[in-house]
Structure formats: structure tokens, C-alpha cells
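Here the structure is a predicted model, which means the values were calculated and not measured.
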Amino acid sequence: MEDGGRLQLGGNPDWMSRLPEELLDVPLWDLAIPGSHDSMSFCLDVSSPVLRSQPCFLRLTDRLFPCWTRPCVSRWATTQQSVLSDQCDLGIRFLDLRIARKPKGGSKLFFAHGIYTLMTVKEALDELATWLDAHPKEIVIISCTHFESLTDEDHVQLVEFIITLFGNKLCSSQDTPTLRSCWSRGQQVVVSYDDQQMVMQHPELWTGVPYWYADSPDPKKVIAYLEDQQSGGRPAGFYVTGLNLTEDAPYVLLHPLQNMKKMTMKALSLLLSWASEQQPGGEVAGVNVLCCDFVDVSQFCSLVIGLNSKLLAARPVCTENPT
């Protein structure tokens, strides 16, 4: 590790194109796919106010003591430290994008987690589009959620921008995407959009992806929650198993010198050990996307990608002959 606990970036930039032939016709929701939780939180803006959706007490504190409140929120809301292209180079193929309109941000849209980001949605997606051009056999799932303070017109303009930017790279929600089918059509982007009205109007958009998270700072409780969810069967299609922790007010008050990274690092070994025991696929407890915080400080991506080898051992996978 280097730079205070960061791996050298670039470990798995083309891992999908290197999967065994036997996995090329497996639906993408039956593969193990690394994802980043709150993917854009690496660029939070400590000069911005806390979100309107935050608790009243926190918003009041922000109005009275912004110089204390905002840095504190940033310490606990920052869950990544690498830009999107570097995350993709590591192997991340699911991006958790929480979109927001700043109170005084004009027509530009940003991202948010507790507070708003410095980088706009347009800047981030442009960066991703450039990365995809350089890696034509890699497929990325973009999950657009939360939509803090967005208007109907904001949604229309955002979807128009996404469709124009990615164009023929978009996977239709009417298809069952596999690596081979996406490659044959030049498709690289699955856009999950958590607004049903927009999804109904645009076949290029997929419905919101279920995200299992335990809402706990205790990794043992996170694992217990995920195992309880698994016992009920996995959702159809894409879904996320969240390995991320969630702090609460008592935890923050009892750990004044900590931050999200320190909390994550303490729990990471246990969470990754559990992840290494998982099996991808369509079975009851089969995993699909696994999301983690600080994806550049461990071998998380390589571990999740490696789970796909279990599909080869579990059963033969029929393949289609390319025409």
C-alpha cells in the first residue's frame, strides 16, 4: 500500500474481457461484480451546506456552526478517495451515484452524501464515457438514485444528457445482457434510474437496483443482516450486497477522533473474509454486485472478480457459437 493506505491503481482495467469463454453467456446479474458505495464522495465540498434531507438538528447546527459541522460531516460521509476512472481501473463496474441540486447551484447537478460534491454530474459522466472508449469490452452499471431536490425538468434534462452521451453504448432494459451479447452490439452501459416515471418513458433506463445494507457500524451485524436477507432468496435481476458500514450519532459522539475510513479499516478484514465465501449465480444465496467503501485500500476488487471462478466449478455453462 502507498499514499496513506492506497493500493497502486490499475489492477483490473479489463477484467471482463479476460473472463473464461464459459462465462460470456451468463447474465450479468449472475456474475460477481465489484461496486463502490457512494462512488462520488471523494470530492465533497466542505463549503456547501448539509442536505435538506438531513435531520433538523444537523441542519440547525450547520446554520450556527458551519465551520465545525461541514468538516465533521465530510469526515464521516467520505467513503471513497479515487476518481471514477481510477475506480474503474481497479475493477469497479457498479457506480453508486447519488444526484442532487445545490440550493444555489444554478442549473448544474451535483452528487451528494451528507453535503454536496465539487464535481458536477456532467463532469463525472464525461470522464466515465472517456474511460469506456478506452476499454470497449468493459460494461459498467450506473445507479442513479436519491435525486435530492431535483425538479421534473431536471430529470428530463439529465436523462436526455445520459442518452445523448452514451448513445448506442446503452443496454436496453428489454434485453438480458451477457458479455457476449453486449460486445456484439457495442453496448457498455446499464443505467439504473430510481424514478419510475422516467423509466417508463425510456427503454434505455433500468428500474432501481435493490441495495442491501445493514445501517449499522458493527461489521458482525452487517454480516448477520446480509445472511438473513440471503435466506429469503436473492432478487431477480441486478442487486447489490452492501459491505459498507453506517455510522449513527451515538457512534460519532463516542469516537470523536475517528472517521469513516478508520471505522472501515477496522472492519474490512472480517467483511472481506465473509465476501470470499460467497457464491455468485442465480441460486437462493447467489451474490451479484458487492459494494464496499474505500475500494482502493484492499484487494476487494480482485477478491470479488475471483468469485466468478466458482461458477465454473459449480456447473458447466452452456455457450453459444458466435455467428
Novice: Evaluate the criterion side-chain contact (heavy atoms from CB on, under 4.5 Å) for residue pair Thr246 and Trp76; output intermediate values, then yes/no.
Specialist: CA-CA 9 Å; Thr246 305; Trp76 288 99; over 6 Å; no
Novice: Would you say Val191 ends up clustered with Leu84 if hydrophobic residues are merged whenever their side chains have heavy atoms under 4.5 Å apart, either directly or through other cluster members?
Specialist: yes
Novice: Are the side chains of Gln54 and Val73 in contact, using a 4.5 Å heavy-atom criterion?
Specialist: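 Of all side-chain heavy-atom pairs linking Gln54 with Val73, none is under 4.5 Å.
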Novice: My understanding is that only one of Leu28, Leu31, Val140 makes a side-chain contact (heavy atoms from CB on, under 4.5 Å) with Arg93; could you say which?
Specialist: Val140
Novice: Test side chain to side chain donor-acceptor pair (under 3.5 Å) on Glu247 and Gln258 and set out the steps.
Specialist: CA-CA 11 Å; Glu247 83 289 355; Gln258 269 204 29; over 6 Å; no
Novice: Taking atom CG of Leu97 and atom CG of Leu128, what is their separation to the nearest 0.5 Å?
Specialist: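 Going from CG on Leu97 over to CG on Leu128, the span is 8.0 Å.
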Novice: Taking side chain as C-beta onward, heavy atoms only, is Ser39 less than 4.5 Å from Phe94?
Specialist: no
Novice: Do Met40 and Leu90 share a hydrophobic cluster, counting only Ile, Leu, Val, Met, Phe, Trp and Tyr and linking them when any side-chain heavy atoms are less than 4.5 Å apart?
Specialist: yes
Novice: Please check if the side chain of Thr78 supplies one atom and the backbone of Arg75 the other of a donor-acceptor pair under 3.5 Å.
Specialist: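 The answer is no, because no donor-acceptor pair under 3.5 Å joins these two groups.
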Novice: Less than 6.0 Å separating the ring centroids of Tyr193 and His155?
Specialist: yes
Novice: Using the rule given for salt bridge (Lys or Arg N to Asp or Glu O under 4.0 Å), can you reason through Asp194 versus Arg98, listing the C-alpha separation, both sets of side-chain angles and the distance that settles it, and then say yes or no?
Specialist: CA-CA 10 Å; Asp194 201 15; Arg98 306 184 179 200; over 6 Å; no
Novice: Within this structure, what is the CG-CD distance for the pair Leu132 and Glu127, rounded to the nearest 0.5 Å?
Specialist: 10.5 Å
Novice: Mind checking whether Trp212 and Tyr239 have ring centres under 6.0 Å apart?
Specialist: yes
Novice: For the residue pair Tyr251 and His255, categorise the inter-ring angle as parallel (less than 30°), tilted (30 to 60°) or perpendicular (more than 60°).
Specialist: parallel
Novice: Is there a path of hydrophobic side-chain contacts, each under 4.5 Å between heavy atoms of I, L, V, M, F, W or Y residues, that connects Val295 with Val287?
Specialist: yes
Novice: Between Asp62 (side chain) and Arg59 (backbone), is there a donor-acceptor pair under 3.5 Å?
Specialist: no
Novice: Between Gln157 and Glu153, is a side chain to side chain donor-acceptor pair (under 3.5 Å) present by the stated rule, with each step listed?
Specialist: CA-CA 6 Å; Gln157 293 182 5; Glu153 183 61 25; 2.9 Å; yes
Novice: May I have the step-by-step check of side-chain contact (heavy atoms from CB on, under 4.5 Å) for Lys220 and Leu270, ending in yes or no?
Specialist: CA-CA 8 Å; Lys220 293 181 180 179; Leu270 182 60; 3.9 Å; yes
Novice: Do NZ/NE/NH1/NH2 and the carboxylate oxygens of Lys261 and Asp293 come within less than 4.0 Å?
Specialist: no
Novice: Let's go through Glu21 and Arg180 carefully: what are the C-alpha distance in whole Å and the side-chain angles of both, what is the deciding distance for side-chain contact (heavy atoms from CB on, under 4.5 Å) to 0.1 Å, and is it a yes or a no?
Specialist: CA-CA 9 Å; Glu21 176 81 13; Arg180 197 190 305 275; 2.9 Å; yes
Novice: Take atom CG in Asp248; do more than 12 heavy atoms of anything else shown fall under 6.0 Å from it?
Specialist: yes
Novice: Short question: side chain of Glu138, backbone of Gln188 - any donor-acceptor pair under 3.5 Å?
Specialist: no
Novice: Looking only at atom types and distance, does a side-chain atom of Ser273 sit under 3.5 Å from a main-chain N or O of Ser269, one as donor and one as acceptor?
Specialist: no
Novice: Can Arg70 and Asp45 be counted as an ion pair, charged N to O under 4.0 angstrom?
Specialist: no
Novice: Starting from Ile115, can I reach Leu51 by hopping between I/L/V/M/F/W/Y residues whose side chains sit under 4.5 Å apart?
Specialist: no
Novice: Donor-acceptor check, side chain of Lys169 to backbone of Val190, threshold 3.5 angstrom: yes or no?
Specialist: no
Novice: Between Gln80 (side chain only) and Phe294 (backbone N and O only), is there a donor and an acceptor less than 3.5 Å apart?
Specialist: yes
Novice: In sequence, state the C-alpha distance, the side-chain angles, and the governing distance for Ser17 and Asp14, and then conclude on side chain to side chain donor-acceptor pair (under 3.5 Å).
Specialist: CA-CA 6 Å; Ser17 67; Asp14 298 290; 4.8 Å; no
Novice: Could you measure the distance from the SG atom of Cys144 to the CG atom of Leu205? Nearest 0.5 Å is fine.
Specialist: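 With rounding to 0.5 Å, SG (Cys144) is 8.5 Å from CG (Leu205).
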Novice: Leu24 and Thr178: side-chain contact (heavy atoms from CB on, under 4.5 Å), yes or no, with the steps?
Specialist: CA-CA 6 Å; Leu24 300 188; Thr178 67; over 6 Å; no
Novice: Does the side chain of Ile99 come within less than 4.5 Å of Thr145's, by heavy atoms?
Specialist: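 Sidechains of Ile99 and Thr145: no contact.
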Novice: Between His37 and Thr79, what is the shortest heavy-atom contact and its length?
Specialist: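 In this case the closest contact between His37 and Thr79 is O-OG1, 3.0 Å.
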Novice: Backbone N or O of Trp274 within a donor-acceptor pair of the Gln278 side chain at under 3.5 Å?
Specialist: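 Answer holds: yes.
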Novice: Report the C-alpha distance between Gln81 and Asp296 in whole Å, list the side-chain angles of each, state the deciding distance to 0.1 Å, and finish with yes or no for side chain to side chain donor-acceptor pair (under 3.5 Å).
Specialist: CA-CA 8 Å; Gln81 54 189 12; Asp296 58 356; 3.1 Å; yes
Novice: Do side-chain atoms of Ser82 reach the backbone of Gln87 as a donor and acceptor pair under 3.5 angstrom?
Specialist: no
Novice: If you measure from the Lys or Arg side-chain nitrogens to the Asp or Glu carboxylate oxygens, is any gap between Asp30 and Arg234 under 4.0 Å?
Specialist: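 The answer is yes: the pair qualifies as a salt bridge.
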Novice: Determine, using the 4.5 Å side-chain heavy-atom cutoff (strictly less than), whether Leu118 and Leu109 are members of one ILVMFWY cluster.
Specialist: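 No, Leu118 and Leu109 fall in different hydrophobic clusters.
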Novice: Look up atom NE2 in His113 and atom OG in Ser41, then write down how far apart they are to the nearest 0.5 Å.
Specialist: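 The OG atom of Ser41 is 7.0 Å from NE2 of His113, to the nearest 0.5 Å.
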Novice: Is it the case that the side chain of Asn308 and the backbone of Ala32 share a donor-acceptor pair, with hydrogens and angles ignored and the cut-off at 3.5 Å?
Specialist: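 It does hold such a pair.
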Novice: Testing Ile139, Val289, Val304, Leu290 for side-chain contact (heavy atoms from CB on, under 4.5 Å) with Ile33, which one passes?
Specialist: Val289
Novice: Take a 6.0 Å sphere around CD of Glu277 and say whether it holds more than 12 heavy atoms from other residues, nucleotides or ligands.
Specialist: yes
Novice: With distance as the sole test, does Ser173 use its side chain to make a donor-acceptor pair with the main-chain N or O of Pro203 at under 3.5 Å?
Specialist: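 Yes, Ser173 side chain to Pro203 backbone: donor-acceptor pair under 3.5 Å.
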